[in-house]
Structures are given as structure tokens and as C-alpha cells.
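In this chain, numbering begins with 1 at the start of the sequence shown.
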Amino acid sequence: MSHNSNQVKRLNIPIWSAMRLIQKITFLSLLTTFCYSLSAKVSYLISIEQPEHHLAQVEMRIPAGMKSVVVKMPAWRTGNYKILNQANGVRDFIAKGKNGRELVWKRIDKSSWQIENPSERELTVSYLLYANELSSRTRHIDYSHAYLDATAVFMYVPELMEQVHRVELNVPVGWKSFSGMVQAQPHEFLAQDYHQLADSPIETGVNDVYEFSEDERDYQVVIWGKPAKKSQTIVEDLQKMVSASQTIWKGYPYQKYVFIIHATAEATGATEHINSTVIQRPSELFAKRKDYLDRFLRTAAHELVHTWNVKAYRPKGLVPYEYQHENYSDLLWLAEGTTSYLQDHILLNSDLQTMDEFLDKLAERIDEFQQKPGRNIQSISAASMEKWIAQGGDFANNFSVNIYTEGFMASWLLDFEMLEDSNMSAGIKELHDSLYQKQNDKRDGRQFVVTDFDTAEVVATIEKLTNKLYKNWWRENIESPKDIDFNNLLNKVGLEFAPVKNSDNKVWMGFESKEQGSLIQLTSVEREGPAWEAGLTSGDILLAIDKRQVDSKSLEKWLIQYNEGDEVELTLFRDRQLIKRHLKLTKRLSKKRKIRFLESPSETQKAFFKAWLGMEFPVNRAEAN
């Protein structure tokens, strides 16, 4: 791979940057832009003249040929399995014919407008848009920038979705515009169809912009805000990350990629797109190593993995995206949980995390899994189908699993099963590369395509890679609730849990709580734990233990006096009434477990370790531990 470590702050050197851009434009990209411009069927103009009020005016031009036209605003955005009802920010809807006369229209549902166009000539739709939803990563406009996810900004005509779409921006002086789409002009973008537009957000405003090239691909890093870390360091880390993707896949589904970073005061989250991502983190989280690794680098790696796993290939129920209702699949765990699994491999292979940090995170994930009673109730396949309506809180913890965290564990199980069955020649990385390579057969000259798969195809691909049957394994591990023998998994690769001291086990009451003034309010009660068996529930306020008043500061001090098996009387406040309950204390590990290397691993364990992580088993185990 070529490696170019030069990063350029684009806004400071516009002439040099323009020259560099000209040099990088190939005849093919010029031809693509020219063809897109000529064939554009639907065009938009968004004018941001009142950014301080979070307002924009959107104009949509629809070509001739339709007597009755229905325009729709998507009800959800890609990357978020939740109905958002994004048409709620639209006002002053107007439709006009080519002669400027207003056309008759009516709103037919929450997201759709039907327009009568008897002349069948070209028509224009315009509407006022309110954009103040930064944390949802849909639309946000203020005095310094605008972030525009097309699904929350630009309506579409169902019959014209496959046509070329063009977007032009009218923005304040001094603003710069960026997107993963073809950029025809400084504030003009072209998409091969509405699906690309919907999956290519636009960031425009006053930003710091960096560029680099890696493996003959071009990257932009667009930063809005001021992260508490040198931007150059962030860019260099992202450059290391993208090259590590080739330890999983052979090839890239993009020629250009854009990292959009919002270093803000409050918003937090991230969303993947076809050839870009947006990552939101409070500025101060970039300062400390642990926060930077856990909250930024892991997130960036997660979204990068999604460029293949979800954007280049994804479950059948999500191809193509249907923007007006839920898109169901029992394989969302493979889309999200496996992405979480592979993100840590990319960070390890790019030297962005140490082996110690990798194993600490793995131990943390194991602890989280084993402390979730829902793992014995719901399968990861069922959780995938229910994602669109999944609840949080006590019910989720006690009776459900999560496509991200438990999906990670299902991916780990599958990886080791495949490696073992294939004599360590094929694991989950090879599975995903096989799913990705289908793209080459479907590309048909288009810049972006997506291939789909269902459970039968995934199982068939696994069986081809391993030469083993997997239908029974799939039914027992994916379609059924599954507990996991982590000691066995770790042992396969020459690892083990470090011994636990007796002093690390503390008296446990079986609930989580928060301060309510100086009082203790229960926020969750673990199923079949001490508090659950005693009849406690979230919302209860704990006042006393054995008739002695406790508060959030003194609770731990009082518990030190008790032993496992002791029964205590609790005085609680529930629904404005005092109640008493008796609770039998147990013990639970109070510290995070550590994973360490075996002192004398076998050659088989060392080979398995290398097949798993792509690196040699550490020679100096003491130093590694």
C-alpha cells in the first residue's frame, strides 16, 4: 500500500488545494460529473439565509411527464432503526407549474403530498425547513454550519428514485461544502440516484479540513468545532485505520471517503454512510487516552467497517431501503454486532490500540454479557427482528439481548467455530469478504451498488468456506438463547482469566441506583437477583437498612458490615407509602476481570491466536501480561 502522511488544512491554502484537486481528477471522474449533470432528473436548491433561526428554504424541481405527482419525506434515516417522522419540520409547502402558477395539492399522510399537474409539464415544489436536530444527526443549521442528512431535508418522487439527483446550496459567504457525492461545483453535488443522495450527508460551514491519500483512495476529514486534541493527530490516526481495512476485505467500495467530525458541547453519536461518516463527541472527550480510544477511535473504526458491512452489502430486508416504514431482518446482529467485533481487530492491526487495551475491552464485554439476564431469554435473531420496537430499561436488561453487545458475542462464537472447522483457514473475516466480493458481479458500471443476502446464503457461504454443515449450529447459537463458556473460548487462543481474590467479591444487593437528592433511588433490578427476589422494583427509594438510615454516601459503608447470606430488612418509599422488604445478600465480583496469556501455550493455541488476530502470539508472556 502507498502511504502518504501529508495532511493539508484546506481552508488555509485554497490555491494549493485547488491545484491538488485538479491533479487528482481523472478523465473518468470528469466524464462521470459531465454525464451526471446532463442526465440529472431531479434537482434541489437549498438556501440558508437565516441560519441563526435554524431555517432553510428548499426548492425541488421535478421533470415533466407526470399528471399526478406524489412527493415524500422519508420517515427515518439510514443507520438508525427507528421511525423519526422527519416531515415534522416542513412548513409553507407550495407547488407551482412551469408557468409559475400554483398547483392544487393535498397532504395524504404524515410524510406525503399529492400534487395535481394536468399539463404534465415540469413543476417546482418549495417548502420551509426547520433544522435544529443535531444529536439525531438528521438536520442542523446554525450561525456556523449546517449538517444535512438528505432523508430529513430532501423529498423524493418514488417513480424517479433511480434517476440522477442534483443538489445546489446557497450558503453564507465563507462557508465551504463537503459530501461523499460527486462535487461538480464548490456548492453543488451530484448523486447517481436518490439512494446515494439519502446516504451522503452534506456538511457546510466554517470548518477545518484535512486531506490525505491512502492506497490510491482520497480522504477528507472535516472538523466542525474544536476537539481537545491536535487535529493533525486525529487525521494521522484515521489514516492508519483505513489501511487496516484490507486485513479483512480485498478492495474498497469507494474512491473517495469523508470523515465528518462534530466536536461539540453536548451531542454524541455516530452514523455510517455510503462513503462517509459523521461522528459527534464532546470536545473534551478527545483529551484523555481512554476517552479518545473508547469514545472516538472505536466509533470511527465501527463506522468505517460499516462502509463494507451494511453499505456495500446488507441483509435482504434492507435492500433497497424503504423510507416510509420499518425494514425488518433477523440478521441485524450480523450488520451491527459483527461490525463491533471487527472494529477492535482493525484498531489492533493498525496499532491504534495495544494488546492490553484490546484484552481489557474484551474482558469488559464479557462481564457485561454475563451480567445480563436477558441472554437466557431472547435469541440474537429475535432481537434483530424486534430492533425497531425494542424497549430499554429493566425489561431490556432482564428479558432481551442487544444486536450490538450480544451480536458481538455471536460473532466471536461464529469466528472461532469457523476457524476450528476450516483448520484455521477461514473465519468471520473471510465470510465478510466473500459477501463483499459479490459486489463486483453487480456493479455494472455504477459507482455505488449494494448486494443483499439472507440467512440461507450466509449459512451456505459458511459451509462452503469450512466444508462443514452449519444449519444445526445456527439454530442452536443464533436462533436460540445462548450462554457462552468463555474459559473455553479463551483457552483456544492461549488466554485465560487472571485469578480473582476473595477480597474482590463484595456484598451485592442486586440493583442499580442513582442519587435522588441525598436518597437512593433504584433505577434497575436484576432478574432473579437479591432485590428481585425481595420484591423490589425500579423507582423504589431506599431509606434504611435494619432500621438505620442510609444515603448514597453511606450505603457502601453499611454493606461492609454484612456477609454473604445475611438477611436484612429494608425500609423503602414507594408510591408515597412506606414499605418493608427482607433481602438476602449475595456476593458478586466488584472489579473488572483481567485476561492474561498462558505461560506455556501449545503450538495449536499459538496458531489459533494468529489465525484469530493476524499476529504472532507474544514471545514474552510476562511482558504481555
Next on the checklist: Quick check on Asn88: does its CG atom have over 12 non-hydrogen neighbours (other residues, nucleotides or ligands) under 6.0 Å away?
Outcome noted: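 More than 12 heavy atoms, drawn from other residues, nucleotides or ligands, come within 6.0 Å of this atom.
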My understanding is that only residues two or more places apart in sequence, or in another chain, count here; which of them pass side-chain hydrogen bond (donor to acceptor under 3.5 Å, both in side chains) with [X]?
{"X": "Asp483", "answer": "Arg375"}
{"X": "Thr271", "answer": "Arg77, Arg137"}
{"X": "Asp149", "answer": "Thr151"}
{"X": "Tyr323", "answer": "His195"}

Go through the structure and list residues passing salt bridge (Lys or Arg N to Asp or Glu O under 4.0 Å) with [X], not counting sequence neighbours.
{"X": "Arg139", "answer": "Glu133"}
{"X": "Glu272", "answer": "none"}
{"X": "Glu457", "answer": "Lys438"}
{"X": "Lys316", "answer": "Asp454"}

Next on the checklist: Going by side chain to side chain contact (heavy atoms under 4.5 Å, CB included), name the residues that satisfy it together with Glu463, two or more places apart in sequence or in a different chain.
Outcome noted: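 Scan of Glu463 (side chain to side chain contact (heavy atoms under 4.5 Å, CB included), adjacent residues dropped) gives Val459, Leu469, Tyr470, Lys471.
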Item to check | Under the side chain to side chain contact (heavy atoms under 4.5 Å, CB included) test, residues paired with Ala270 that sit two or more places apart | outcome: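 If we apply the side chain to side chain contact (heavy atoms under 4.5 Å, CB included) test to Ala270, skipping adjacent residues, the hits are Ile279, Thr299, Glu303.
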Checklist entry - What pairs of residues pass the salt bridge (Lys or Arg N to Asp or Glu O under 4.0 Å) test when at least one of them lies in residues 413-425, not counting sequence neighbours? => result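 Passing the test, one end in residues 413-425: Glu420-Lys492.
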Taking distance alone, no hydrogens or angles, what donor-acceptor pairs closer than 3.5 Å link side-chain atoms of residues 78-85 to residues at least two apart or in another chain?
from  : atom 1 : to     : atom 2 : distance (Å)
Thr78 : OG1    : Asp199 : OD1    : 3.0
Tyr81 : OH     : Glu336 : OE2    : 2.9
Asn85 : OD1    : Lys110 : NZ     : 2.6

Checklist entry - Ion pair present between Glu476 and Lys482, side-chain N to carboxylate O less than 4.0 angstrom? => result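 Looking at Glu476 and Lys482, the cut-off is not met.
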Checklist entry - Hey, what's the ring geometry for Tyr321 with Trp76, parallel, tilted or perpendicular (30° and 60° as the breaks)? => result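 Because their plane-to-plane angle is over 60°, the rings of Tyr321 and Trp76 count as perpendicular.
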Item to check | Mutual orientation of the aromatic rings belonging to Trp224 and His262 [parallel < 30°, tilted 30-60°, perpendicular > 60°] | outcome: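 The rings of Trp224 and His262 stand perpendicular, inter-plane angle above 60°.
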